[in-house]
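Residue numbers run from 1 in the order of the sequence given. In each ligand, atom 1 is the first atom listed, and ligand 1 is the first ligand listed. These values consider heavy atoms only, across backbone and side chains, with no hydrogens, waters or symmetry-generated copies.
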Amino acid sequence: MHNDLKEIYKTLGISDEVAKFGEEILTGLKERFEKIDEIAEINQLKVLAALQKNQVSEACLHGTSGYGYNDMGREKLEAVYADIFHTEDALVRPQITCGTHALALALMSNLRPGDELMSPVGKPYDTLEEVIGIRPSKGSLAEYGVSYKQVDLLPDGGFDWDGIKAAIGPKTKLCTIQRSKGYQTRHTLGVEEIGELIKFIKSVKSDVICMVDNCYGEFVETIEPSDVGADMVVGSLIKNPGGGLAPIGGYIAGKKECVENAAYRLTSPGLGKEVGASLGILQSFYQGLFLSPTVTACALKSAIFGACVYEKLGFSVLPNSTEERHDIIQAITFGRADAVEAFCRGIQAAAPIDSHVTPIPWDMPGYDAPVIMAAGAFVSGSSIELSADGPIKPPYAVYFQGGLTWPHGKFGILKSLQSLVDNGIVLW
Ligand SMILES: *Cc1c(COP(=O)(O)O)cnc(C)c1O
């Protein structure tokens, strides 16, 4: 390793042994990283082409106030998203407050009383349980007379084709397909795999709307679920497509009718996409989208580096060090609470913001065990930025994601390892 770098690491609390271990791991990752750079290049050009095609101009970066009629920047941004995802239309708004809101909006606007929602990939993300009414909640889909069916993945992770076919009935209106594993132990679905699933669903009932929860998946591959038949793709702007710059927001891209339904629900029947002032937020949306392909690539490199480091040390990691990636989340199972806490302290200590604070486990609403979270982010709660969290319960796993730049993601992993070494958990 370069001597200067070694010295800099030392001043930042990384011992020679830890730095050297990291460099050894990295020598094996050259080809892997080149592949990621190739994907980033293709996606960068895809974004650039969409910006140019829509003739985005300087005036588009300034927002409107009040009703927001004729907000050119907002309209062009939505056209840019539609071009990137190859969809008929898109809704991209700061008024969509988070990923859960975007998903709830897509579901609630496209389902009517008497319809049935189906998940062919098992339990959806935790926060959707109340949206659907799996856990009773005010205003849930269940309260409005929308029923729900779920078909779990098979023990080997594959789709339960027979179960899915049997679950699709005359009432089935919409299938929700979650791309990322989220905080489950299943694998993340590849885009091709999602394509096969959608093709099958449509072969059973052609008019079922197929919606994909695209959170954490954007720009990880060169195609998106909307390229393989999804009628709607939905995600959060404080994850991949916001590029770390968007301070809020969500998107729904898809068929014109699906997007229109969502717009009518977000604002009002009749008003739809015509209102919704963008205020001063559009520059961050445009610039974040422009940066997103390379930011996502940096988060992927950080995840793979983390997988390799901790797999080499004997811990179980998901995905493993060699698996193909379909999202930016890395799970590491430590099997002991003190290791989860030490890991998160290391990530926090690597942060640009709040690096001086110590994360401790706390009883978060909605969780059945204390959760520890490490996040020193420019945008509160942003998980495209370097962050980690884990519930303090068996199997004592942490979920690690993000890193706006690769050098920062690398540093975060080294800090986490140093913390495990300093606490006597990893012994050389
Ligand atoms: C983050 C996430 C959500 C919800 O997004 P929030 O912005 O936290 O509400 C939904 N699904 C998946 C797979 C996610 O990763």
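Nearest protein heavy-atom neighbour of atom 9 (O) of ligand 1: Thr100 OG1, 2.5 Å. In terms of protein heavy atoms, atom 14 (C) of ligand 1 is closest to Lys239 NZ, 2.9 Å.
Residue-ligand proximity: His101 is placed with every non-hydrogen atom at 4.0 Å or more from ligand 1. Within the structure, ligand 1 lacks Ile329 among the residues with a heavy atom less than 4.0 angstrom away.
A salt bridge links Lys181 to Asp327: at least one charged side-chain nitrogen sits closer than 4.0 Å to a carboxylate oxygen.
Tested against Asn240 for a side chain to side chain contact (heavy atoms under 4.5 Å, CB included), the candidates Asn214, Val220, Leu289 yield a single pass: Val220. For the ring-ring contact (aromatic ring centres under 6.0 Å, His included) with Phe334, the qualifying choice from Phe343, Tyr396, Phe400 is Phe343, the only one to do so.
Any N or O atom pair closer than 3.5 Å counts here, and Gly99 shares at least one such pair with ligand 1. At a 3.5 angstrom cut-off on N or O pairs, Asp213 counts as close to ligand 1.
Asn43 and Glu41 share no donor-acceptor pair across their side chains, judged by distance under 3.5 Å alone. Between the side chains of Gln401 and Tyr399, no donor-acceptor pair of N or O atoms lies under 3.5 Å.
Counting heavy atoms only, Tyr125 comes closest to atom 3 (C) of ligand 1 of the residues Tyr125, Tyr399, Tyr216.
Geometric assessment of Lys239 against the ring of Tyr125 yields a positive cation-pi assignment under the 6.0 Å and 45° thresholds.
For Gln178, every heavy-atom contact with ligand 1 shorter than 4.0 Å involves the side chain, none the backbone.
Between the side chain of Glu385 and the main chain of Phe378, a donor-acceptor pair closer than 3.5 Å is present.
Below 4.0 Å from some heavy atom of Leu103 lie the following atoms of ligand 1, by number and element: 10 (C).
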